[in-house]
Amino acid sequence: MVYTVKTYNNINKIGLRELGNGFQIDGDHKENPDAYIIRSENLHGATLPENLVAIARAGAGTNNIPIDVATDQGIVVFNTPGANANAVKEAVLASTLLSARDYIGATSWVNTLTGEDVPEQVEAGKKQFAGSEIAGKTLGVIGLGAIGARIANDAVRLGMNVIGYDPYVSVETAWGLNRAIIRATEIHDVFKNSDYITIHVPLTEETRNTFDREAFDLMGKDVTVINFARGELVDNTALFDAIETGVVKRYITDFGTEDLLNKEKITVLPHVGGSTEEAELNCAIMAGQTIRRFMETGEIINSVNFPNVKQTLTTPFRITLINNNVPNIVARISTRVSDAGINISNIINRSKNDHAYTLLDLDESDEQKVQALADEFNKSEHIVKVRIIKK
Ligand SMILES: NC(=O)C1=CN([C@@H]2O[C@H](COP(=O)(O)OP(=O)(O)OC[C@H]3O[C@@H](n4cnc5c(N)ncnc54)[C@H](O)[C@@H]3O)[C@@H](O)[C@H]2O)C=CC1
Ligand SMILES: O=C(O)CCC(=O)C(=O)O
């Protein structure tokens, strides 16, 4: 069995080798593949093809994928948690230092100088670029996931006071946080007490416009706001007023929109936080491994719309179902299998919200019988997607 994958946005080729020989990448089937591996391509409004069963986001943010549409079509969406976190951490630490010291302005100024007395001009003019140090200043970190936790820990090592806010922080991450990090129970505490604020949350309806007029009103003066998460987390109109009134000293973002460009106190980068060789390789490796595992075994790891399901395949065939999460569905599925005269060796059913994923390991080596059962499932109410996996 050869599976087909369509890639978008320059996925690292070495990482894609993780798919192995059982996959055809961007070949003849690319209009109707089994899986996508993508980065920032916007899939909202796009038709998701009939055969598509999986989308792997080689990266963290999945707001470019219509998760609800994919879920309703029985498509499992994955991401690669933490695979590009170190790259973003380094970009944010660099941004913090860039705001503390006007290195960009300073090098631009030096390049305007001419004449044999450049060294003298440098010494005379350098006072305009005296900055401040980050040690002893307070960094607020909103979102203590893979990126935020790394930044918070490193900022402590650089001598900063750190306040972290994340009402949903995972137990694993919480264990790894430096004990010097103050945990804010209200986001307001971050706005009120920070010299630098960096945000690392997914874009959701809850997080959209986290930096709104109310947030800026709570801040002191000369605060640096760093946004390598998503542009829509900041209300730009409120930001411009906060810059005007001296509340925000500098806004550094990875997400450009026309209104942000060519403004003295705004630094815009072209969405390069995760663009390092290492991060692109890590993301492609993890995406490749995830897709391979899902296609070849049906196991789900790191999905954003379905629960994790791990079970070694020991029987000749496995049927995987994506079904609506309705009462009695497991009993109805089991009855259909026994009506087909097939024994279930193992069944797993895990739900998330309105949908569930079911693994049926079948004690049956007759492929035609298994195919007939899958055809029955395909016709059944509440069954959205059916796959047969052969050991
Ligand atoms: N600029 C770039 O190239 C990149 C940008 N990103 C963006 O950064 C975001 C975060 O990435 P990771 O840290 O890897 O994700 P993650 O999933 O490891 O961490 C996100 C954290 O945000 C927390 N969170 C969720 N809602 C929150 C809320 N309302 N208030 C406070 N915390 C909340 C979660 O509990 C979690 O700990 C991604 O969703 C993506 O949008 C990620 C990688 C690269
Ligand atoms: O793929 C990229 O370069 C963007 C990374 C990103 O924004 C993410 O991982 O959420």
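Just so you know, ligand 1 is whichever comes first in the structure, and atom 1 is the first atom listed for that ligand. A quick note: this is a predicted structure, and the numbers were derived from the prediction, not measured.
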_Below 3.5 Å, N or O to N or O, backbone or side chain included: is there any such pair between G274 and ligand 2?_
no
Test of proximity, G61 against ligand 2: N or O pairs below 3.5 Å
yes
The answer for which part of R57 has a heavy atom under 4.0 Å from ligand 2 is side chain
**Message:** Assess, by modelled atom type and distance only, whether the side chains of N346 and Q311 contain a donor and an acceptor separated by less than 3.5 Å.
**Reply:** yes
For the residue pair [X] and [Y], categorise the inter-ring angle as parallel (less than 30°), tilted (30 to 60°) or perpendicular (more than 60°).
{"X": "Y36", "Y": "Y8", "answer": "perpendicular"}
{"X": "F211", "Y": "F191", "answer": "perpendicular"}
{"X": "F129", "Y": "W109", "answer": "tilted"}

Ligand 2 atoms nearer than 4.0 angstrom to some heavy atom of N84 are 5 (C), 8 (C), 9 (O)
Any nitrogen or oxygen of I147 lying under 3.5 Å from a nitrogen or oxygen in ligand 1? Just yes or no. yes
Is there a nitrogen or oxygen of A146 sitting under 3.5 Å from a nitrogen or oxygen of ligand 1? yes
So is R230 in contact with ligand 2, going by heavy-atom distances below 4.0 Å?
yes
Is the H271 to F255 ring centre distance short of 6.0 Å? yes
The option among P167, G274, G164 carrying the non-hydrogen atom nearest to atom 30 (N) of ligand 1 is P167
